Amino acid sequence: MLLSAVLYTYSLRYMVPTAVMLGSAPTYLLAWGCWRALSTVLPERIYRSGDDRLYTLYQSMVLFFFQHYTGVEIIIYGDLPTKENILYISNHQCTVDWIVADMLAVQQNALGHVRYVLKDGLKFLPLYGFYFSQHGGIYVKRSAKFNEEKMRNKLSSQVKANTKMYLVIFPEGTRYNPSIPKVIADSQAFAKKEGLPVLKHVLTPRVKATHVAIDVMQDYLDAVYDITVAYERTIGKGGQRKEAPSMIEFLCKECPRIHIFLERISVKDIPKEHIFMKRWLHERFEVKDKVLTEFYESTDPDKTNTFPGVAHNAKLELRRTVPSLLILTGVTAGMLCTETGRKVYLNTWIYGTLIGILWVSIKA
């Protein structure tokens with residue numbers, strides 16, 4: 001009985017935030033659909049600006065739960081510049097990595113500009129898969145199935161529309177997970193085959209998406225942000241690295257701090273040829289591997305659970321997130337209080353999902 005009560009209480013720690021975030025999705029999609037319809041006669045840049053504001057509204061609510069509700073400390077090493085058009089490349093360990101990009105972007109007032117390069121299977125997520133594509137996200141397949149032309153076309157259209165860009169790419173292509181050693185072993189074997197240094201705490205990066213993004217937007221981007229992320233409590237008692245927290249574990253407050261090491265790189269300092277950029281990208285991941293090795297394995301207590309450089313705590317004021325939470329939950333609750341609203345809400349879930357999956361299957 002007591003154990004059941006404890007488990008129930010624990011589950012509520014993530015069920016309530018999850019219910020609010022997912023429950024607001026149809027409301028958000030309806031709002032976006034109205035804006036999309038109204039803006040059909042307007043220039044593309046005006047639609048994009050409105051879409052970015054709507055996205056800021058939803059993601060601010062997400063940050064309320066992932067930052068304020070969890071109480072996590074965000075420790076940033078390096079100077080975060082003012083708002084600019086950037087390509088964000090990072091190591092990838094868990095789904096919370098997506099939210100980490102938001103945590104940085106909100107510090108620059110660029111939350112609405114975050115767009116992702118995502119693996120192709122995610123386009124079938126109900127409602128979200130369709131909307132991410134509409135917001136400028138790009139779905140890609142791995143290796144030989146990678147469609148370079150489609151990615152080039154989508155990025156070119158966004159540059160033409162003067163779309164503000166905070167494009168997030170995880171060059172490893174999949175998550176580094178110590179619980180799946182085969183993925184790590186395969187990545188290390190690939191590095192050996194290519195004559196590249198073998199990496200321990202990150203996977204061997206793949207250059208295709210990064211190369212296309214920089215090649216298409218080299219005159220549009222202000223910089224590349226090279227981001228290295230580490231989550232506390234991911235080292236076991238024996239010194240072995242553990243799996244990074246899932247979104248559910250994160251919402252259950254399993255991670256007290258996120259450490260983010262940021263290096264800003266000028267686009268002009270990045271080689272443009274594919275073969276040289278491949279080497280450059282691997283060298284960047286060698287740097288990540290080095291700082292992560294110190295973070296996890298250093299015998300010096302001053303170097304464990306920290307990155308090089310001056311650290312500062314990234315604060316986020318409640319006024320940046322609570323209004324979004326109140327607006328989205330208030331409108332959603334209002335819809336659910338009437339029979340007509342409930343029908344619209346349910347139909348949005350059902351038909352929005354079906355139409356979205358059909359659309360992304362053809363277009364994305």
Side-chain angles (χ1 to χ4, degrees), residues 21-22 25 28-29 32 48 51-52 54-56 58-59 62-63 66 86-105 110-159 163-177 183 202-203 205-217 221 224-225 227 229 244 246-247 250 281 352-353 355-364:
M21 288 185 284
L22 292 178
Y28 179 81
L29 192 69
W32 171 82
R48 289 290 179 191
D51 176 53
D52 285 355
L54 282 172
Y55 190 70
T56 298
Y58 186 84
Q59 292 303 117
V62 170
L63 285 179
F66 277 90
I86 63 104
L87 176 66
Y88 172 116
I89 59 173
S90 174
N91 59 316
H92 192 23
Q93 305 160 77
C94 59
T95 49
V96 182
D97 293 336
W98 296 4
I99 310 299
V100 171
D102 289 343
M103 291 172 174
L104 279 179
L111 187 56
H113 306 162
V114 176
R115 311 173 208 283
Y116 298 97
V117 175
L118 301 159
K119 63 181 180 182
D120 192 64
L122 294 174
K123 69 185 180 184
F124 298 114
L125 285 172
L127 302 187
Y128 292 92
F130 168 73
Y131 177 71
F132 281 150
S133 178
Q134 295 298 304
H135 184 63
I138 301 169
Y139 294 106
V140 297
K141 295 181 180 179
R142 297 172 186 163
S143 303
K145 296 181 179 180
F146 177 77
N147 191 326
E148 181 177 326
E149 182 180 1
K150 183 178 288 187
M151 183 175 178
R152 284 183 177 275
N153 290 341
K154 187 154 190 176
L155 287 174
S156 295
S157 67
Q158 293 185 62
V159 170
T163 303
K164 300 299 182 182
M165 191 60 64
Y166 205 100
L167 185 65
V168 178
I169 296 180
F170 300 110
E172 290 159 289
T174 192
R175 286 172 281 176
Y176 179 100
N177 187 346
V183 172
V202 292
L203 301 178
R206 308 304 173 101
V207 73
K208 288 182 180 179
T210 304
H211 178 258
V212 171
I214 293 176
D215 189 49
V216 172
M217 300 190 295
L221 295 174
V224 171
Y225 290 0
I227 306 294
V229 179
S246 66
M247 284 191 174
F250 195 88
L281 185 61
T353 296
I355 293 170
I357 288 175
L358 179 62
W359 191 94
V360 295
S361 296
I362 298 170
K363 295 283 189 178

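In this text, all values refer to a predicted model and were calculated from it rather than measured experimentally.
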Locate the shortest heavy-atom distance separating Val216 from Ser156; write the atom from each residue and the value.
CG1-OG, 3.6 Å

Test item: Thr163 side-chain N/O and Gln158 main-chain N/O as donor-acceptor pair under 3.5 Å
yes

With sequence neighbours excluded, residues passing side-chain hydrogen bond (donor to acceptor under 3.5 Å, both in side chains) with Tyr225
Glu84, Gln108

Does Ser246 have any side-chain contact (heavy atoms from CB on, under 4.5 Å) partners at least two apart in sequence or in another chain, and if so, which?
Ile248, Glu249

Which heavy atom of Pro126 sits nearest a heavy atom of Thr353, and at what distance?
CB-OG1, 3.6 Å

Can you find a side-chain donor-acceptor pair between Lys119 and Thr174 that sits under 3.5 Å?
no

Could I get the full list of side-chain hydrogen bond (donor to acceptor under 3.5 Å, both in side chains) partners for Asp97, not counting sequence neighbours?
His92, Tyr231

Show, in sequence, the C-alpha distance, side-chain angles and deciding distance for Trp98 and Leu118, and conclude whether the side-chain contact (heavy atoms from CB on, under 4.5 Å) test is met.
CA-CA 10 Å; Trp98 296 4; Leu118 301 159; 3.7 Å; yes

Keeping the roles fixed (side chain from Tyr88, backbone from Val114), state whether a donor-acceptor pair exists under 3.5 Å.
no

Supply the atom-to-atom distance Leu167 CG to His113 NE2, rounded to the nearest 0.5 angstrom.
13.5 Å

Closest heavy-atom contact between Phe124 and Ser361?
CE2-OG, 3.3 Å

Under 3.5 Å side-chain donor-acceptor pair for Tyr166 and Asp102:
no

Ser90 versus Val100: any side-chain heavy-atom pair under 4.5 Å?
no

Verify side-chain contact (heavy atoms from CB on, under 4.5 Å) between Ser133 and Trp359, making sure each step is shown before the conclusion.
CA-CA 10 Å; Ser133 178; Trp359 191 94; 3.5 Å; yes

Do Lys154 side-chain atoms and Gly137 backbone N/O form a donor-acceptor pair below 3.5 Å?
yes

Quick one: does Asn91's side chain have a donor or acceptor within less than 3.5 Å of a partner on Val229's backbone?
yes

Report yes if some heavy atom in the side chain of Met151 is under 4.5 Å from a heavy atom in the side chain of Val117; otherwise report no.
yes

Parallel, tilted or perpendicular: which describes the rings of Phe132 and Tyr128, with under 30° parallel and over 60° perpendicular?
tilted

Please confirm whether the backbone N or O of His135 pairs with a side-chain atom of Arg115, one donor and one acceptor, at under 3.5 Å?
yes

Under the criterion side-chain contact (heavy atoms from CB on, under 4.5 Å), I'd like the reasoning laid out for Met247 against Phe66: C-alpha separation, chi angles, the key distance, then a yes or no.
CA-CA 9 Å; Met247 284 191 174; Phe66 277 90; 4.1 Å; yes

Can you check side-chain contact (heavy atoms from CB on, under 4.5 Å) on Val224 and Thr210, steps first, answer last?
CA-CA 10 Å; Val224 171; Thr210 304; over 6 Å; no

Examine Phe130 together with Trp32 and report whether their ring centres are nearer than 6.0 Å.
yes

